[in-house]
Amino acid sequence: MSIPSKYEAEKVEDQWYNYWMDNGYFHSTPDSREPYTIVIPPPNVTGILHMGHMLNNTLQDVLIRRARLMGKNACWVPGTDHASIATEAKVVARLKDRGIEKSDISREDFLDYAWEWKNEYGNVILEQLKKLGCSCDWERTKFTMDEDMSASVIRVFVDLYNKGMIYRGYRMVNWDPEARTTLSDEEVIYEERQGLLYYIAYPVEGSDEQLVVATTRPETILGDTAICIHPQDERYSHLKDKRVIVPICNRSIPIIEDEYVDLEFGTGCLKVTPAHDENDKALGEKHNLETIDIFNADASLNSHGIHYEGKDRFVVRKEISAELEGLGLLKKTEPYTNKVGTSERTKAVIEPRLSEQWFLKMDTLAKPAIDAVLHTGEVKFFPKKFENTYRHWMENIRDWNISRQLWWGQRIPAYYYGKGSQDYVVAEDADMALKLARDKSGNDKLQTTDLLQDEDVLDTWFSSWLWPISVFDGILKPENEDFKYYYPTSDLVTAPDILFFWVARMIMAGYEFKGQRPFENIYLTGIVRDKQRRKMSKSLGNSPDALELIAHYGADSVRVGLMLSSAAGNDLLFDEALCQQGKNFANKVWNAFRLIQGWEIQDIPQTEAAKLGLEWYRAKLAKTLSEINDHFDKYRISDALMSVYKLVWDDFCSWLLEIVKPAYQQPIDRITYNTIIELFEANLRILHPFMPFLSEEIWQRFGKRAKEQALIVSSWPVITLEDQEMIPEFEFASTVISAVRNIRKEKNLANKEALELRLIDKEKLNQRWDV
RNA sequence: GGGGUAUUAGCUCAGUUGGUUUAGAGCGCUGCCUUGACAGGGCAGAGGUCACUGGUUCGACUCCAGUAUAUCCCACCA
């Protein structure tokens, strides 16, 4: 026999992928069929394929391939995200390696370097998806900073500004001192950190008394502009209206009273630093306090830091506590765990910072998006439990800080023509801006050169929230064919950790800009963890290399491994043994093929056993298929796969093939052979979404019999339920067979020794027992 | 601090509106099987007082309350 007994995935996968590509099977154009559309969650251009991507994209490919088989016009749009912070950080690091500082080059030069990076690495991850077998329509590949994509973002910004939904605000924002930009609330991750609570004494002016304040951040005392006590706190009532001296900088600040202070915490005294804490800022505004910002953009101290100027905040924390101790003003320290905000991207500790930023009002955007999920059911979550999380966030939504102090991204289309706070206009381009600026200022002499465009770019998510619309150019050309045909899309498959960043905002954008949902079903995957439930991460080094896995087990096996335990919303405890299971399964199917194709066909009568076996399997297949379809309808992909797995392994291989298999070196009758091929092909169609390469390979080897030229574009089986009675009858027979095998084993009877089987009437049997 | 979700065989999970299930699956485990598709295999097995405590009910893995544990999300307590 020339066919190897082990399935060799590596020898066929690339070949079939190229074959599908060459025949344009992945490409979709609008036609009369029903569309089925998925837009990929665009991975970062800087990214390389990790387990999360593998899980996510396998699921999308399973859904797309099944839809394609079901006769829908399946379109899976791939692409990448410019990921402003992450990419800019990488470009900055690369420049540093070349001895170039970002601050030493112009914006234009920097962007040239960034594009150079993008062009070099931007497609790596998409190429890796091909190894997985993803059947994306590569002709439609988009990038969030493609010219039309960026133009869409700018148009949307201008539109929202003109609707009065975008405003500038001097606010306390999350500042990432490493990336030197603001972050949205969602990009801040709170971590428990072990720190100290410092008890610092402030001398009371004109007395020997000291007021002791507890703080976790002694370095910020230089920005203190008041001490706050509770109005009902009798311990301090004698100090009302007095002032204290801030140690080290020896500034005199007032003692104020406010009920905000917690009597129980620390000493009951609160230092107020309006520039560096959200609550302190509120107190400051309420009590008309001065605001002293003591930090530079990189969180080193500025001139307010006196002799600490230029030093990093954490260095200063140590040094200043030492100095205070020397002065006898550090009364004590005690261990204290508090939550510290860190940057999702750079891991730097976030600094609350006051600055001028752009915000998007969210309340009116949220309303239709809440209705769509919670009331009308236009948008559905799988699993449903995430609707609660969604509701909670949406009902407490806060305005979105959309400006970022970066260069890589869509530059905010605001143009300043003067120093006044209102001396700016918002327009899609400089010419339009000039016109508006002349109107607004009443100054006809203004020139383009008098306009200064805002230095900041927009948050990356401000472009990705348009993704399902903008990939079809639905913002700029709302009437175009593609958009009208493919939008709204069908399913979205993504991870729950970007539910707020991305999913919720896409829903809002869908209703705001198109008056329609962006997609109907949202499948939220779990997070891929290792066997010890730890999240897979680069730093832990517990994530297997995706491409190595594929190389070692074959893409189909890895897909099966991933799908086997991918119940929606459940975390996946990844274990390579799952890939091995997939590989074993692939081999099982392969060997079923080997067996069948090795048979010699003759025109001899069909045996009764074969006839009944085939009838039974057809009924079983029909029943299982309807279960599988039901699982798909409920997005229970792992259950669907398990059903196929058992159907093929247990029912088809273990039972049916054993029943029809001719004796050694004996021929098989033509009818049985043809029926087996037909049933095997039905199995392959069902298998195809999960194991596209193996199924296509076997299908093509049966090629001379297949009507369609390729499995990928054949059809999902439709089998009407035939004689349902066959199933329980067969179950009875198989139970008897198992029982007989068991008796053989107990009595040590050889398999080749024929046994006499007698049927005893059940009624009589009971009578006998009654005696 | 506030909410969500979970707790079923060694592991990962099903168990759909309370009574056809004596509680299921896959993997793992145990025993036996060397020529004829496949040891990446075959056959036959073992294994669970459904977290705990009450309650509702003729009847609860399934509904309710509480406890414990786990996990996630949200929140400005110095």
Could you write out each protein N or O paired with an N or O of nucleotides 75-78 of chain B at a distance under 3.5 Å?
unit_1, atom_1, unit_2, atom_2, d
B/rA75, N6, A/K339, NZ, 3.4
B/rC76, O2', A/N279, ND2, 3.1
B/rC76, N1, A/N279, OD1, 3.3
B/rC76, O2, A/N279, OD1, 2.6
B/rC76, O2, A/N279, ND2, 3.0
B/rC77, N3, A/D262, OD2, 2.8
B/rC77, N4, A/D262, OD2, 3.4
B/rA78, OP2, A/Y336, OH, 2.8
B/rA78, O2', A/A214, O, 3.4
B/rA78, N6, A/D262, O, 2.7
B/rA78, N6, A/F265, O, 3.0
B/rA78, N1, A/D262, N, 3.2

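- For the salt bridge (Lys or Arg N to Asp or Glu O under 4.0 Å) test, no residue two or more places apart in sequence or in another chain qualifies with A/K620.
- For A/R391, the salt bridge (Lys or Arg N to Asp or Glu O under 4.0 Å) partners at least two apart in sequence or on another chain are A/E395.
- For A/K332, the salt bridge (Lys or Arg N to Asp or Glu O under 4.0 Å) test picks out A/E334, with sequence neighbours left out.
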* How does RNA chain B read in dot-bracket, base by base from 5' to 3', with Watson-Crick or G-U pairs under 3.5 Å and | used when the partner is on another strand? -> (((((((..((((.....[....)))).(((((.......))))).....(((((..]....))))))))))))....
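- Taking the centre of each ring, A/F593 and A/Y7 stay at or above the 6.0 Å mark.
- Sequence neighbours left out, the pairs with a member in residues 212-226 of chain A that pass side-chain hydrogen bond (donor to acceptor under 3.5 Å, both in side chains) are A/Y202-A/D224, A/R217-A/E219, A/R217-A/E351, A/E219-A/R317, A/T220-A/K271, A/D224-A/K271, A/D224-A/T273.
- Pairs passing the side-chain hydrogen bond (donor to acceptor under 3.5 Å, both in side chains) check and including a residue from residues 644-657 of chain A, sequence neighbours excluded, read A/Q581-A/Y645.
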Review item, nucleotides 25-30 of chain B N/O atoms under 3.5 Å of protein N/O:
unit_1, atom_1, unit_2, atom_2, d
B/rA25, O2', A/K646, NZ, 3.2
B/rG26, O2', A/Q581, NE2, 2.7
B/rC27, OP1, A/Y645, OH, 3.3

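- The side-chain hydrogen bond (donor to acceptor under 3.5 Å, both in side chains) check on A/Y336 picks up nothing, with sequence neighbours excluded.
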Just distance, no hydrogens or angles: give the donor-acceptor pairs under 3.5 Å from side chains in residues 496-505 of chain A, sequence neighbours left out.
unit_1, atom_1, unit_2, atom_2, d
A/W502, NE1, A/S464, O, 2.9
A/R505, NH1, A/F501, O, 3.1
A/R505, NH2, A/E186, OE1, 3.1

* Which parts of nucleotides 11-18 of chain B does protein reach within less than 4.0 Å, heavy atoms only, written one letter per nucleotide 5' to 3' as B for base, S for sugar-phosphate only and - for none? -> -SSSS---
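- By the side-chain hydrogen bond (donor to acceptor under 3.5 Å, both in side chains) test, A/N521 is found to be paired with A/D491, A/Y635, residues two or more places apart in sequence or in another chain being considered.
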